[in-house]
Amino acid sequence: MKFDKPYLEMASVWARNSYCKRRQVGALLVKDRMIISDGYNGTPSGFENICEDENGVTKPYVLHAEANAISKVAKSGNSSEGSTLYVTASPCLECAKLIIQAGITRVVYRDEYRITDGVDLLRRANIEVEQIDE
């Protein structure tokens with residue numbers, strides 16, 4: 001679609017807000033050509049902004065960019081029903097479940113994650129999934 005690349009670029013810019021060192025991921029939720037939510041990977045509100053432990057391993061309570069964007073839109077009272085999620089990395093299985101339940105109908109991502117369970121589940125749920133190189 002016409003605006004896919006610009007929205008994906010905006011998600012990439014948003015990813016830079018992440019304090020995570022291993023990987024910075026950004027997400028935008030768009031509905032009717034309006035950004036209704038955004039997110040990046042990081043710790044829950046009120047926690048220290050350190051995503052990895054002393055061994056460089058991501059802490060188990062770090063939220064993914066998709067989960068942050070979906071939580072944020074839910075908190076705002078807006079609906080993600082029928083929206084498109086733009087995310088810099090393909091969704092994991094846990095985020096795919098949230099995407100399905102949130103009524104998101106399309107996912108556009110840039111980087112393919114080595115484990116494809118999330119993308120496989122989205123396709124099984126008849127959600128349009130597309131990988132785009134910036």
Side-chain angles (χ1 to χ4, degrees):
M1 294 176 80
K2 182 179 179 181
F3 294 99
D4 283 351
K5 282 194 177 190
Y7 283 133
L8 205 48
E9 286 171 26
M10 290 170 75
S12 296
V13 170
W14 202 243
R16 293 184 211 144
N17 289 316
S18 172
Y19 288 90
C20 296
K21 292 180 179 145
R22 287 186 62 214
R23 173 179 288 174
Q24 293 180 312
V25 180
L28 286 182
L29 258 177
V30 177
K31 186 174 179 178
D32 300 324
R33 288 190 33 212
M34 288 188 307
I35 297 168
I36 60 168
S37 190
D38 51 51
Y40 50 86
N41 56 327
T43 55
S45 299
F47 281 65
E48 74 292 341
N49 287 319
I50 301 167
C51 298
E52 295 84 12
D53 64 19
E54 58 281 348
N55 299 317
V57 177
T58 301
K59 294 177 180 176
Y61 53 85
V62 167
L63 289 155
H64 288 185
E66 305 94 315
N68 267 326
I70 291 167
S71 301
K72 195 172 176 181
V73 77
K75 200 173 179 181
S76 76
N78 284 328
S79 172
S80 53
E81 191 77 39
S83 64
T84 298
L85 177 71
Y86 293 90
V87 63
T88 57
S90 59
C92 71
L93 186 61
E94 291 303 310
C95 287
K97 292 189 253 181
L98 293 174
I99 290 164
I100 293 164
Q101 291 302 96
I104 296 165
T105 54
R106 187 165 178 259
V107 175
V108 178
Y109 68 93
R110 185 187 64 204
D111 302 328
E112 183 87 61
Y113 188 61
R114 60 185 166 81
I115 301 167
T116 62
D117 293 4
V119 170
D120 297 342
L121 185 65
L122 292 172
R123 288 197 170 114
R124 187 172 160 202
N126 294 317
I127 292 173
E128 185 184 341
V129 181
E130 190 174 347
Q131 181 181 14
I132 292 180
D133 292 321
E134 281 187 285

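Under the 4.5 Å side-chain criterion, counting only non-hydrogen atoms from C-beta, Y7 is in contact with R33. Using a 4.5 Å cut-off on side-chain heavy atoms (C-beta onward), N78 and S37 make no contact. Counting heavy atoms from C-beta on, the side chains of M10 and I35 come closer than 4.5 Å. Using a 4.5 Å heavy-atom threshold, the side chains of P44 and Y61 count as touching. For the pair I70/Q101, no side-chain contact is recorded, criterion being any heavy-atom separation below 4.5 Å from C-beta on. Counting heavy atoms from C-beta outward, P91 and V119 have side chains that approach closer than 4.5 Å. Side-chain contact check for M1 versus R106: some heavy-atom pair is nearer than 4.5 Å.
In this structure, the separation between CD on E52 and CZ on R22 is 7.0 Å, given to the nearest 0.5 Å. To the nearest 0.5 Å, atoms CG (N17) and CG (N68) are separated by 11.5 Å. We find the CZ-OH distance between F47 and Y19 to be 16.0 Å, quoted to the nearest 0.5 Å. Once rounded to the nearest 0.5 Å, the distance linking NZ of K97 with CG of L121 reads 8.0 Å. One distance of note links CG of L29 with OG of S79; it measures 10.0 Å at 0.5 Å rounding. Once rounded to the nearest 0.5 Å, the distance linking CG of N126 with OG1 of T105 reads 11.5 Å.
Under the 4.5 Å side-chain contact rule for hydrophobic residues, I99 and Y109 share a cluster. Under a hydrophobic-cluster definition in which Ile, Leu, Val, Met, Phe, Trp and Tyr are linked whenever side-chain heavy atoms come within less than 4.5 Å, directly or via other members, I127 and V87 are assigned to the same cluster. A continuous path of ILVMFWY side-chain contacts below 4.5 Å connects L85 to V73, so both sit in one hydrophobic cluster. Cluster annotation: L98 and L63 are assigned to distinct hydrophobic clusters (Ile/Leu/Val/Met/Phe/Trp/Tyr, side-chain heavy-atom contacts under 4.5 Å, transitive). Both V25 and V107 belong to a common hydrophobic cluster when Ile, Leu, Val, Met, Phe, Trp and Tyr are linked at side-chain heavy-atom distances under 4.5 angstrom.
Heavy atoms of other residues, nucleotides or ligands lying less than 6.0 angstrom from CD of E112 number more than 12. By the 6.0 Å contact criterion, NZ on K21 is open, its count of non-hydrogen atoms from other residues, nucleotides or ligands being 12 or less. In this structure, R23 places its CZ atom where only 12 or fewer heavy-atom neighbours from other residues, nucleotides or ligands lie under 6.0 Å away.
Under the 3.5 Å distance criterion, the side-chain polar atoms of S18 are left unmatched by any main-chain donor or acceptor of Y40. Looking only at distances, a side-chain donor or acceptor of D53 sits under 3.5 Å from a matching main-chain atom of N55. Using modelled atom types, one side-chain atom of T88 and one backbone atom of G26 make a donor-acceptor pair closer than 3.5 Å. Checking side-chain atoms of S80 against main-chain N and O of I104 turns up no donor-acceptor pair under 3.5 Å. Distance alone, capped at 3.5 Å, places no donor-acceptor pair between the D117 side chain and the L93 backbone. A donor-acceptor pair is defined here as one N or O able to donate and one able to accept, closer than 3.5 Å; no such pair exists between the side chain of K72 and the backbone of G39. Remark: the backbone N or O of Y113 is paired with a side-chain donor or acceptor of S90 at under 3.5 angstrom.
When all heavy atoms of G42 and C51 are compared, the closest pair comes out as CA-SG, 3.9 Å. Here the shortest heavy-atom pairing between A89 and E66 reads O-OE2, 4.1 Å. The shortest non-hydrogen separation linking V108 to L8 is O-CD1, 3.9 Å. The two residues R110 and Q131 have their closest heavy-atom pair at O-NE2, 2.9 Å.
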Exercise. Between K5 and I132, does a side chain to side chain contact (heavy atoms under 4.5 Å, CB included) hold up when you go through it step by step?
Worked result: CA-CA 8 Å; K5 282 194 177 190; I132 292 180; 3.9 Å; yes
For this session: Step by step, work out the side chain to side chain contact (heavy atoms under 4.5 Å, CB included) result for S83 and I36.
Result: CA-CA 9 Å; S83 64; I36 60 168; 4.3 Å; yes
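Using a cut-off of 4.0 Å between Lys/Arg side-chain N and Asp/Glu carboxylate O, E81 and K31 are scored as not salt-bridged.
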